[in-house]
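Take a look at the structure below.
Heavy-atom basis, side chains included; hydrogens, waters and symmetry copies ignored. By convention in this document, chain letters (A, B, ...) are assigned in the order of the sequence lines, proteins followed by strands, and residues within each chain are numbered from 1.
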Number of protein chains: 2
Amino acid sequence: MTTPQLTKNQSLVFDVLEKAEGPLSAYTILDKLRDHGFRAPLQVYRALEKLLEYGVVHRLESINSFVACAHPGENCHSHGIVAFAICESCGQVMEFHDHEVDHRLMAWVRGQKFKPEKTTIEIRGLCEACAA
Amino acid sequence: MTTPQLTKNQSLVFDVLEKAEGPLSAYTILDKLRDHGFRAPLQVYRALEKLLEYGVVHRLESINSFVACAHPGENCHSHGIVAFAICESCGQVMEFHDHEVDHRLMAWVRGQKFKPEKTTIEIRGLCEACAA
DNA sequence: CAATTGATGTAATAACATAACATTTGCAAT
DNA sequence: ATTGCAAATGTTATGTTATTACATCAATTG
Ligand SMILES: [Zn+2]
Ligand SMILES: [Zn+2]
Ligand SMILES: [Zn+2]
Ligand SMILES: [Zn+2]
C-alpha cells in the first residue's frame, strides 16, 4: 500500500511523533497539539487510526503508546512482522524485522489452522545506555 | 520459582480464570466475584499481580486481559518466552513456546546491547472454527 | 444542485489502572 | 501472651486510555 497525502490532523499527529524522542501516548499527543486547535482525544485517535493503516506509525501495545516508523519511505508492512525493543528507563524504541522469527511463528499458527491478522512482538528492558 | 499457597483473594481470582473459556478483563473478573465480597478493582489487580509473579496467569497486553496458564504445574516461566494466538472472534487463546524464536530475538537484542526483561508475543486472528 | 463520502468538531461516557490511607491477619521473637 | 512486623485486605478517590453518539463541514460526482 502506498501512503496517500495526509490530511491536516494526520500531518500534525505524524509530525509530533516524528519529532519525539520516543513513543507517546494519545493524550500526550493531544496536549502537544492544543495550540494547533486540538481539543478532544478523538482528533488524535482518528488520525492515529489512519497513520497505523498507512504503516507510518506503530502502536506499542504493552505501553499504550505510539511511535513513528523507524523505516521512513520503506513501507514497513511489507517487511513482515515488526518487532520492538523498548527501553523502560528512557523510552527509546528500536524496531527490527526477522524473517526467521516470522517464519517460525507463522509455521506454528498454520499448524493450528489459525489465521493470523496482526502480530505483536515487544521486548521491554533496558537499552545499552540505561543498563550501564 | 515454586508457587506458594494462594491467599483467599488470589484463589478466587485464579478459579475464575481457570473456569473461563478465554481471557477476562480485570473488571469482568471483579463482576464475577461481587457475590464473594469483591467491591473494588484493586482487589482483582492485587491478586493478579501475584498470580502473574507466580507464573500461573498471563497478561495479554494487546487485549488488556488475563488468562490462566495453559501448562498447569509446569512453571511456565522456565520455558522461555511464551507466545499466544488469540482468536478475535471467540476469544480462545492458544499458548506456545518456540526456542528458536526465543533464540533469534535474544540474539538480536544482545547484538544491540539491550537487556531484555519481559517479552510479549501475541498473534491476533481467527481460530480454525471461527475462520471457517 | 442533490447526493455521497471522508474528515472534522464536541460532549459525554466507557473501560482500564493506580494512589493513598486505614485495617486486619498471620506469624515469629521476646 | 504480648509485642512487633510483614503481607494481605478493604475502601475511596483519582488518573489514564479509548470509544459512542451526534452534528457539521468540505470535496467529489452524477
Ligand atoms: Zn516500521
Ligand atoms: Zn534507555
Ligand atoms: Zn503459561
Ligand atoms: Zn475463534
Side-chain angles (χ1 to χ4, degrees), chain A residues 1-17 20 22-54 56-67 86 88 91 118 120 122 124, chain B residues 1-17 20 22-54 56-67 86 88 91 118 120 122 124:
Chain A
M1 188 210 322
T2 180
T3 304
Q5 185 63 33
L6 298 183
T7 66
K8 180 160 165 289
N9 285 2
Q10 288 161 20
S11 293
L12 287 166
V13 169
F14 183 66
D15 287 350
V16 166
L17 282 174
L24 301 178
S25 76
Y27 279 77
T28 301
I29 296 170
L30 174 57
D31 286 339
K32 287 181 183 295
L33 288 175
R34 296 227 184 250
D35 293 344
H36 292 78
F38 274 45
R39 312 294 313 261
L42 210 52
Q43 294 174 288
V44 177
Y45 282 110
R46 285 202 277 229
L48 286 171
E49 185 179 28
K50 290 297 184 184
L51 296 171
L52 290 168
E53 184 184 323
Y54 303 152
V56 297
V57 162
H58 299 292
R59 174 186 189 122
L60 303 176
E61 309 274 5
S62 65
I63 57 172
N64 297 317
S65 294
F66 303 85
V67 69
I86 307 165
E88 298 193 284
K118 177 84 178 72
T120 296
E122 296 176 16
R124 275 100 66 219
Chain B
M1 185 213 319
T2 179
T3 304
Q5 185 63 35
L6 299 184
T7 67
K8 181 161 164 288
N9 285 3
Q10 289 161 20
S11 292
L12 287 166
V13 169
F14 183 66
D15 286 351
V16 166
L17 282 174
L24 301 177
S25 76
Y27 277 75
T28 301
I29 296 169
L30 174 57
D31 286 340
K32 288 181 183 295
L33 288 176
R34 296 226 185 252
D35 292 345
H36 291 77
F38 274 45
R39 312 294 315 254
L42 214 54
Q43 293 174 288
V44 177
Y45 283 108
R46 285 202 277 229
L48 286 172
E49 184 178 30
K50 289 299 183 182
L51 295 171
L52 291 167
E53 183 183 323
Y54 303 152
V56 297
V57 162
H58 299 292
R59 175 184 188 122
L60 302 177
E61 309 275 5
S62 65
I63 57 172
N64 296 319
S65 294
F66 304 84
V67 68
I86 306 166
E88 297 192 286
K118 177 83 178 73
T120 295
E122 297 177 15
R124 273 100 66 220

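Each of N9(B) and I63(A) has a nearest nucleotide on DNA chain D; the 5'-most of these lies closest to N9(B).
Considering only heavy atoms from C-beta on, L52(B) comes within 4.5 Å of R59(B) through its side chain.
Using modelled atom types and a 3.5 Å distance limit, the side chains of T120(B) and R124(A) yield a donor-acceptor pair.
Straight-line distance from the CD atom of Q10(B) to the P atom of dG10(D): 12 Å, rounded to whole Å. In this entry the distance linking CG of L51(B) with P of dA8(D) reads 11 Å, nearest Å. Atom CD in E49(A) sits about 8 Å away from atom P in dT19(D), given to the nearest Å. The nearest whole Å value for the distance from the CD atom in Q5(B) to the P atom in dG26(C) is 13 Å. Residue L48(A) contributes atom CG, which lies 11 Å from atom P of dT19(D) at whole-angstrom precision. Summarising the geometry, the separation between CZ on R59(B) and P on dC16(C) is reported as 10 Å, rounded to the nearest angstrom.
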Would you give me the side-chain donor-acceptor pairs under 3.5 Å for residues 29-41 of chain B, sequence neighbours excluded?
{"residue": "D31(B)", "atom": "OD1", "partner": "R34(B)", "partner atom": "NE", "Å": "3.3"}
{"residue": "D31(B)", "atom": "OD1", "partner": "R34(B)", "partner atom": "NH2", "Å": "3.4"}

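Considering only the side chain of N64(B), dC16(C) comes nearest among dG10(D), dC16(C), dT8(C). Closest approach to the F66(B) side chain among dT8(C), dT9(D), dA17(C) is made by dA17(C) (side chain taken as heavy atoms from C-beta onward). The listed nucleotides are dA8(D), dG9(C), dA20(C); the one nearest the side chain of R46(B) is dA20(C). Checking dA7(C), dT19(D), dA17(C) against the side-chain heavy atoms of Y45(B) singles out dA17(C) as nearest.
Between L42(A) atom CG and L48(A) atom CG the span is 10.5 Å, to the nearest 0.5 Å. For the atom pair NZ of K118(A) and CD of E122(B), the computed distance is 11.0 Å after rounding to the nearest 0.5 Å. Rounding to the nearest 0.5 angstrom, the gap separating the CG atom in L51(A) from the CZ atom in F66(A) is 10.0 Å.
Residue T7(A) places none of its side-chain N or O atoms closer than 4.0 Å to OP1 or OP2 of dG6(C). Between K50(A) and dA7(C) there is a side-chain N or O to OP1 or OP2 distance below 4.0 Å.
Sorted by residue number, the members of residues 24-44 of chain A with any non-hydrogen atom under 4.0 Å from DNA chain D read S25(A), Y27(A), L42(A).
Between E53(B) and K50(B), at least one side-chain N (NZ, or NE/NH1/NH2) sits under 4.0 Å from a carboxylate O, which counts as a salt bridge.
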